[in-house]
K.L.:
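Here it is: the structure, laid out below.
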Amino acid sequence: MTPPILAKLKKLGIETPFDLLLHLPLRYVDETRITAIRDLSVGNPALVEGVIIHAEIHHRPRKAMICQLQDQRGSRLYLRLLHFYPSQVAQLRPGVRVRAHGEPRPGFFGLEMVHPQIRVVRENEPLSDTLTPVYPTTTGLTQKTLRKLLQLALSKSDLSESLPMGLSDKLSLPSFEASIRLLHNPPPDVLQSALESRLHPAWRRLAFDELLAQQISMRLHHDRRRAQDAPPLHGTGRLTARLLRTLPFRLTPAQRRVIDEISRDLAQPHPMQRLLQGDVGSGKTIVAALAALQAVESGWQVAIMAPTEILAEQHYLKFSGWLEPLGLRVVWLSGGQSRREREAAMQACADGSAPVVVGTHALFQDKVVFARLGLAVIDEQHRFGVHQRLALRMKGIQPHQLMMSATPIPRTLAMSYYADLDVSVIDALPPGRTPVVTKLVSDARRAEVIAHVRAACAEGRQVYWVCPLVEESEALQLQTAIDTHALLAAELPGISVGLVHGRMKPAEKQAVMQAFSSGALQLLVATTVIEVGVDVPNASLMVIEHAERFGLSQLHQLRGRVGRGAKQSVCILLYQNPLSQTARQRLKIIYENNDGFAVARADLQLRGPGEFLGVRQSGIPLLKIADLERDADLLEMAREVAIQMLREAPTLAEKHMRRWLARAEKYATV
Ligand code: ADP
Ligand code: MG
């Protein structure tokens, strides 16, 4: 193959012969039979054959080449070419026999085909005996070239079966070879609609194979990590019992259940890889603290990581508040620390004198060495994406890992992209919460909203005002926050208004958050820095400006900052008309759903798994053939078959995985 063709193939995501085989047609053209011109009907594509009896070039109303075709029975049809080459003008002359495939439509002179596919033929030239595939392509790569390449790939590739004998029959799916051949060269009696809707058994077989490869790879990954050594953290129960006694609340049954799951894992001599899911406000932090204590009781260190400084700091404050009364030193690693403080903190990690260390994910990647790291807690794991999750490894012995996410992962995604993790779910909020009431308010009614904020503050409630997202420019976003703060401070005399944004020094941010937490500030103007994890229970009103610019999970996370106390909380989404179609959909979803799972499911549907997981750029192979919604039943089967194959036919499992994930090796070996 020539380099230019290779480059074009690469653009289509085709880098190996196998990729080429999986480059499946978008649709098909039926060139297996000829339709008589008089049997043509408007809107139904067909192949006709005839002799050109007239050809001319028109210049008005548009430049066009018009040929008149007459078939065997003497009926005539116009073919109209809007773009054409001199070579075609030379070729399509009266007396020449052609086949044309196109969609008939009523034209000025009677029935015509605009832009048919035209091919010069001999008399009695045999017809194709399969449907002609039409592939997704890119400029400069013709269907003809693609078809040729595919026929070549079909003749040269290993299409042997990679499922155990008899399995495809048992699943009522055709063989791999039959499926691949059928999709590239379907016999004329195959239902085109079944092929194009991807519900044909051949499509399903390939989707199954792809899901199976993913399941095998994830399970291997899971098993390999399970085979590594980790310190068994049995704990003594001494510190956890003391912490539980000091809490102002009792754990919910859901919290107790996940704590048991985690506790059992920690006692194993293999690294835990557990994802703790729970909607915003479900109380994941205390679960993490109890896990941390089990590690500390066993004489090991714990690292707590968060995606942002603000969140790391909240954790630091919370963990210090809980653990220092127990006589434990909680150390904090922050970007804003002086070099001396930072070095002292690092030293405490390295010599093991700090049992619990809190910081941002970024800081931990920066050569922090632990004497005895037994457990890493990674909050808002979703923010790091799958990629970083895989990259996160520690030196020496493997620590146990507890990942926490407030972005619920819909079941099908959890079963596929997160299949290498064990999952615990906190499925109920602590009691006494009143669901947040969400209101959609047009920006035209801003003055009313400000009056509402004034009234809320007068009642002693605290309020967040979230500034609009300005995607194009961070500077502009910052300016907007500063302006909004000035404006609100002017409009709300007597009310103490604070401002927090991403460009502030950590110490400044900390001071503002502290002032808001303590109630010294009544209204906090903020950018999305407050999006994750911030916890001020007395705040019960949130206004989000230009809510239409935010993504769904962002809105859900932001809204989760209120509704944390017993008071009825309200979230006002201010939007600016006119709304785009998707913005309208998003606002409707967030308005109608308080439950994070429902929001996540809708979000997945709206954005697709790549965007949802944030893995588009990360190199994690996304599914090419299978669709998690459409093929959910296959995913269930693939999971069972993967377990069975790894147990009973590991070599075959390996072969199957290699065939499908050749380029994704790193996925399985991390
Ligand atoms: P998230 O799961 O979003 O991280 P947090 O751990 O921040 O939630 O908890 C939210 C709030 O709920 C915190 O103020 C926390 O102290 C409180 N909380 C946690 N568990 C309970 C419980 N069982 N009963 C009452 N309040 C709880
Ligand atoms: Mg949290």
Side-chain angles (χ1 to χ4, degrees), residues 240 243-260 262 274-293 304-323 325 358-361 377-384 402-409 423-436 462 464 513-514 516-519 528-540 542 553-567 569 571 594-597 599-600:
T240 47
L243 174 61
L244 287 173
R245 273 202 301 277
T246 66
L247 289 180
F249 52 76
R250 291 166 58 96
L251 297 178
T252 62
Q255 282 171 317
R256 278 206 299 273
R257 179 171 42 76
V258 301
I259 287 166
D260 281 348
I262 293 166
R274 191 169 278 278
L275 176 65
L276 172 58
Q277 280 191 28
D279 208 345
V280 274
S282 61
K284 295 183 290 296
T285 322
I286 185 66
V287 172
L290 290 164
L293 285 181
I304 318 273
M305 306 177 204
T308 65
E309 285 272 341
I310 257 195
L311 183 53
E313 190 196 328
Q314 290 246 332
H315 281 330
Y316 171 63
L317 295 174
K318 218 160 203 175
F319 275 79
S320 328
W322 282 333
L323 306 191
V358 185
T360 59
H361 182 260
V377 176
I378 305 145
D379 197 13
E380 304 300 345
Q381 179 273 336
H382 184 73
R383 279 297 202 85
F384 301 140
L402 177 64
M403 290 148 264
M404 305 200 282
S405 175
T407 304
I409 299 151
V423 180
S424 290
V425 183
I426 305 182
D427 51 9
L429 294 179
R433 300 274 168 88
T434 14
V436 180
Q462 286 180 285
Y464 291 106
M513 289 312 296
Q514 190 58 46
F516 190 59
S517 278
S518 72
T528 48
V529 295
I530 60 155
E531 180 187 344
V532 285
V534 170
D535 184 29
V536 180
N538 191 47
S540 61
M542 172 174 281
S553 75
Q554 227 172 359
L555 286 173
H556 181 67
Q557 294 266 356
L558 281 169
R559 181 174 58 183
R561 297 312 110 211
V562 291
R564 301 191 150 221
K567 257 182 238 150
S569 289
C571 178
N594 250 320
D595 168 36
F597 269 100
V599 173

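Both ligands and their constituent atoms are indexed starting at 1 by order of listing. Counting from 1, the numbers follow the sequence of the chain as shown.
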K.L.:
Using the salt bridge (charged side-chain N to carboxylate O under 4.0 Å, His left out) criterion, which residues pair with Lys567? Sequence neighbours excluded.
P.N.:
none
K.L.:
Do any heavy atoms of Ala406 fall under 4.0 Å from ligand 1?
P.N.:
no
K.L.:
Would you call Asp379 and Lys284 a salt bridge, taking side-chain N to carboxylate O under 4.0 Å as the test?
P.N.:
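Salt bridge between Asp379 and Lys284, a charged N being under 4.0 Å from a carboxylate O: no.
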K.L.:
Which is closest to atom 5 (P) of ligand 1 by heavy-atom distance: Thr252, Val280, Asp279, Thr285?
P.N.:
Thr285
K.L.:
Report the part of Leu251 in contact with ligand 1, treating N, CA, C, O as backbone and CB onward as side chain, heavy atoms under 4.0 Å; options are side chain, backbone, both, neither.
P.N.:
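Under 4.0 Å from ligand 1, Leu251 contributes backbone atoms alone.
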K.L.:
For ligand 1, is any non-hydrogen atom under 4.0 Å from Gln277's backbone (N, CA, C, O), its side chain (CB onward), both, or neither?
P.N.:
neither
K.L.:
Mind checking what makes salt bridge (charged side-chain N to carboxylate O under 4.0 Å, His left out) contact with Asp260, not counting sequence neighbours?
P.N.:
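Applying salt bridge (charged side-chain N to carboxylate O under 4.0 Å, His left out) to Asp260 gives none.
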K.L.:
Of the backbone atoms (N, CA, C, O) and the side-chain heavy atoms from C-beta on, which set of Arg250 has a member under 4.0 Å from an atom of ligand 1: side chain, backbone, both, or neither?
P.N.:
backbone
K.L.:
So is there a nitrogen or oxygen of Gly281 less than 3.5 Å from a nitrogen or oxygen in ligand 1?
P.N.:
yes
K.L.:
Is the shortest N/O to N/O distance between Gly283 and ligand 1 below 3.5 Å?
P.N.:
yes
K.L.:
I'd like the name of whichever of Lys318, Gln255, Gln314, Met404 reaches closest to atom 15 (C) of ligand 1 through any heavy atom.
P.N.:
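Looking at heavy atoms only, the winner is Lys318.
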K.L.:
Starting at CD of Gln514, measure out to CD of Gln314 and round the result to the nearest 0.5 Å.
P.N.:
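The CD atom of Gln514 sits 9.5 Å away from the CD atom of Gln314.
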K.L.:
Answer yes or no: is there a side-chain heavy-atom contact under 4.5 Å between Arg559 and Val280?
P.N.:
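Answer no - side chains too far apart.
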K.L.:
Which residue, Ile259, Val425, Ile426, forms the side chain to side chain contact (heavy atoms under 4.5 Å, CB included) with Leu276?
P.N.:
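With Leu276 as partner, Ile259, Val425, Ile426 yield a single side chain to side chain contact (heavy atoms under 4.5 Å, CB included), made by Ile426.
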